[in-house]
Amino acid sequence: MKKQTAAVLAALVMGSLVGCSSELSNEYVTVKQYKGLEVPQVSVTEVTDDQVEQVIQSYLEADAVKTSITDRAAQDGDWVNLDYTGTLDGVAFDGGTAQDQEIQLGQAGFIQASGDYQGFEEQIEGHRAGEEFDITVQFPEDYYPDMAGKVADFHIALNDIFEKEIPELTDEWVKENSETAETADEYRAEIRSQYEEQAEASYRSQLESYVQSALLDQIEVKKYPEDTVASEKERLTAYYEQIAGLYGMELKEYIETQLQMTEDDFDQQAEEAVQQTVALDEAFGLIAEKQGLEPSEEEYEEKIAEYAEQAGAEDVEEYKEQVGEDVLRKAILREIITDYLADECVQVEEQ
C-alpha cells in the first residue's frame, strides 16, 4: 500500500513539473527559457568625490568672468581664443582644424617641443590679439601611427587674449545657479545624485542589452510573420533615408560613403536586424501574456504621454500620428518585458 502511495505521489510531482515548464510557443516562435537568463556580470560605476568636484569645477569655469588683455602679447598662463588650420605638405589633415578654441597657454597639453621645433603653445606666446601667423611643429614619435614624427604647419588666428576670474563655490553662487540647492554641501549632493542616476541608467541599459541577447539565444523561429517583417524593414529603410537626407544624399550614396558597405550588404544586415526585432517582439508578447504584464489601455496612454513629454512634443495625438501608435505600443511592451527579464536574470562572472 505504501509503495502504491509513493508511486502516485511521484506521478503527481512529475506532472506538476511538466505543467510548470517555462517554454512558451505560438505559430511563429518557441521561447525555450525566459526566467533566470544567464548574462555577464554588470556593475554600477561608483561616483567618487573627485568626480563630483571635477564636475562642479567645470560649472564654475563655465561661469567665469573673462577680461580681455589688449596692452601686451600673450604669455605663459594666459587664456587665448584662436582658430587654427594644420597642414602636412600643404594639405589639411583630419583633426587639425578648429575655430574659437579656448586654451590656457602652458596647460592645454598641445604638441610639445621636439628636436628643433618649439611646442604649439610656446609659439603663440609673444603674439598679440588680432594677429595671424604660421608655426611649425613636430608630432612626437609615440603619436598616432599616421602622424608620428611628422612635421606640420599651422596657420593661427589669435582672436583674443584674456584672463579668467573663476568664481568660488559659495552658498550665494549655488542659490544663483541651482534650482533646488541653497548651500555648497546641498549642491555637491545634488551633483552626486544626478551622476548616480546616470550611472544607474547606464548599468540598467547594459544589463537589458545582455538580457535581450540572452533571450534571442532561447528563441527558436518557426517562421516569420511576412507582413510584420515587410513593414519593419520599410520603417528601417525610411529611417536611413531620412538620415541620408540630412547629409544631402540619396540612400545609395549614404550606404556606400558613410556606412561603407554595398547595397546588398545593407539589405542583408537590415533583413537580419528586422528578423531579430520581430522574433523578440513575438517572444515579448508571449511572456507578457503568460506573466500578465500586458499594459491596460490606460497604462498605454499614460506611457505614450510620457514618451511624448520626453521627446518635447506638446500634442500627444500629433506625436502618436508622427511616430505611429503601433510602434509606440511595441516600444512600451519591450520596455516592460525587458525590465521584467532583467529583474529575473542571473548575472554570471565571466571566466
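Of all heavy-atom pairs spanning Gln138 and Ser114, the tightest one is OE1-OG, 3.2 Å. When all heavy atoms are compared, the tightest approach of Ala129 to Ile161 is N-CD1, 3.5 Å. Shortest non-hydrogen contact noted between Tyr34 and Leu341 is O-CD2, 3.3 Å. When all heavy atoms are compared, the tightest approach of Ala152 to Leu88 is CB-CD2, 3.7 Å. Summarising the geometry of Leu158 relative to Ile124, their closest heavy-atom pair is CD1-CG2, 4.2 Å, with the distance given to 0.1 Å. Scanning all heavy atoms of the two residues, the minimum distance from Gln260 to Thr257 falls at CG-O, 3.6 Å.
Residue pairs meeting the ring pair (Phe, Tyr, Trp, His ring centres under 6.0 Å) criterion with at least one partner in residues 211-246, sequence neighbours excluded, are Tyr240-Phe266. Pairs engaging residues 253-266 under the salt bridge (charged side-chain N to carboxylate O under 4.0 Å, His left out) rule: Lys252-Glu256 [sequence neighbours left out]. Counting only residues at least two apart or in different chains, salt bridge (charged side-chain N to carboxylate O under 4.0 Å, His left out) contacts with residues 229-238 comprise Glu232-Arg235, Glu232-Lys330, Lys233-Glu271. Counting only residues at least two apart or in different chains, salt bridge (charged side-chain N to carboxylate O under 4.0 Å, His left out) contacts with residues 135-157 are absent. Evaluation of the ring pair (Phe, Tyr, Trp, His ring centres under 6.0 Å) test over residues 170-202, restricted to residues two or more places apart or in two chains, returns Trp173-Tyr187.
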Show which side-chain atoms of residues 292-302 pair as donor or acceptor with protein atoms under 3.5 Å away, not counting sequence neighbours.
from   : atom 1 : to     : atom 2 : distance (Å)
Glu294 : OE2    : Tyr300 : OH     : 2.7
Ser296 : OG     : Glu299 : N      : 3.1
Ser296 : OG     : Glu299 : OE1    : 3.4
Glu297 : OE1    : Arg329 : NH2    : 2.6
Glu297 : OE2    : Arg329 : NH1    : 3.2
Glu297 : OE2    : Arg329 : NH2    : 3.4
Glu299 : OE1    : Ser296 : N      : 2.8
Glu301 : OE1    : Lys320 : NZ     : 3.2
Glu301 : OE2    : Lys320 : NZ     : 3.4

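Taking NZ from Lys222 and CG from Asn26, the interatomic distance works out to 6.5 Å, rounded to the nearest 0.5 Å. Atom NZ in Lys66 sits 5.5 Å away from atom NZ in Lys164 (nearest 0.5 Å). In this structure, CG in Leu24 is found 10.5 Å from CD1 in Ile219, a value given to the nearest 0.5 Å. Put simply, CG on Leu286 and CD on Gln291 are 11.5 Å apart, with the number rounded to the nearest 0.5 Å.
With hydrogens and angles left out, the side-chain atoms of Thr30 and Glu23 include no donor and acceptor closer than 3.5 Å. Side-chain contact check for Glu165 and Thr67: no donor-acceptor pair (N or O, by modelled atom type) lies under 3.5 Å.
Between Tyr84 and Phe110, the ring planes lie perpendicular to each other; the angle is over 60°, past the 30° to 60° tilted range.
Checked by atom type and distance alone, the side chain of Ser205 never pairs as donor or acceptor with a backbone atom of Ala201 at under 3.5 Å. Panel note: side chain Gln104, backbone Gly77; a donor-acceptor pair is recorded below 3.5 Å. Checking side-chain atoms of Ser58 against main-chain N and O of Val55 turns up a donor-acceptor pair under 3.5 Å.
With a 6.0 Å radius and a threshold of 12 heavy atoms from other residues, nucleotides or ligands, Glu250 has its CD atom at or below the threshold. The environment of CD in Glu61 is crowded: more than 12 heavy-atom neighbours from other residues, nucleotides or ligands sit within 6.0 Å.
Taking the side chain to side chain contact (heavy atoms under 4.5 Å, CB included) definition, one finds that Glu125 meets it with Asp76, Leu105, sequence neighbours left out. Under the side-chain hydrogen bond (donor to acceptor under 3.5 Å, both in side chains) criterion, Asp134 pairs with His155, sequence neighbours left out. Partners of Lys175 according to the salt bridge (charged side-chain N to carboxylate O under 4.0 Å, His left out) rule, which considers only residues two or more places apart in sequence or in another chain, do not exist here. With sequence neighbours left out, the side chain to side chain contact (heavy atoms under 4.5 Å, CB included) criterion links Asn81 to Asp100, Glu102, Asn159, Asp160, Phe162. Shown here are the side chain to side chain contact (heavy atoms under 4.5 Å, CB included) partners of Gln322, two or more places apart in sequence or in another chain: there are none. Remark: Tyr254 engages Tyr247 in a ring-ring contact (aromatic ring centres under 6.0 Å, His included) (not counting sequence neighbours).
By the 4.0 Å N-to-carboxylate-O rule, Asp78 lies close enough to Arg72 to be salt-bridged with it. Ion pair Arg204/Glu200 not flagged as a salt bridge, since none of the NZ, NE, NH1 or NH2 atoms sits closer than 4.0 Å to an Asp/Glu carboxylate oxygen. A salt bridge does not link Asp217 with Lys32: none of the charged nitrogens is closer than 4.0 Å to a carboxylate oxygen. Here Glu131 does not pair with Arg128 in a salt bridge; the nearest charged N to carboxylate O distance is not below 4.0 Å. Using a cut-off of 4.0 Å between Lys/Arg side-chain N and Asp/Glu carboxylate O, Lys223 and Glu27 are scored as salt-bridged.
Following chains of ILVMFWY side-chain contacts shorter than 4.5 Å, one can reach Val316 starting from Tyr307, so the two form part of one hydrophobic cluster. Residues Ile135 and Ile103 share a hydrophobic cluster, clusters being chains of Ile/Leu/Val/Met/Phe/Trp/Tyr side chains in contact below 4.5 Å.
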* Derivation of the side-chain contact (heavy atoms from CB on, under 4.5 Å) call for Glu208 and Glu335 -> CA-CA 9 Å; Glu208 290 175 356; Glu335 181 181 339; over 6 Å; no

* To do: Output, in order, the C-alpha distance, side-chain angles, deciding distance and verdict of side-chain contact (heavy atoms from CB on, under 4.5 Å) for Phe284 and Leu280.
  => CA-CA 6 Å; Phe284 288 155; Leu280 279 172; 4.1 Å; yes

* To do: Quick one: do Asp83 and Ile156 satisfy side-chain contact (heavy atoms from CB on, under 4.5 Å)? Show the steps, please.
  => CA-CA 6 Å; Asp83 304 334; Ile156 309 290; over 6 Å; no

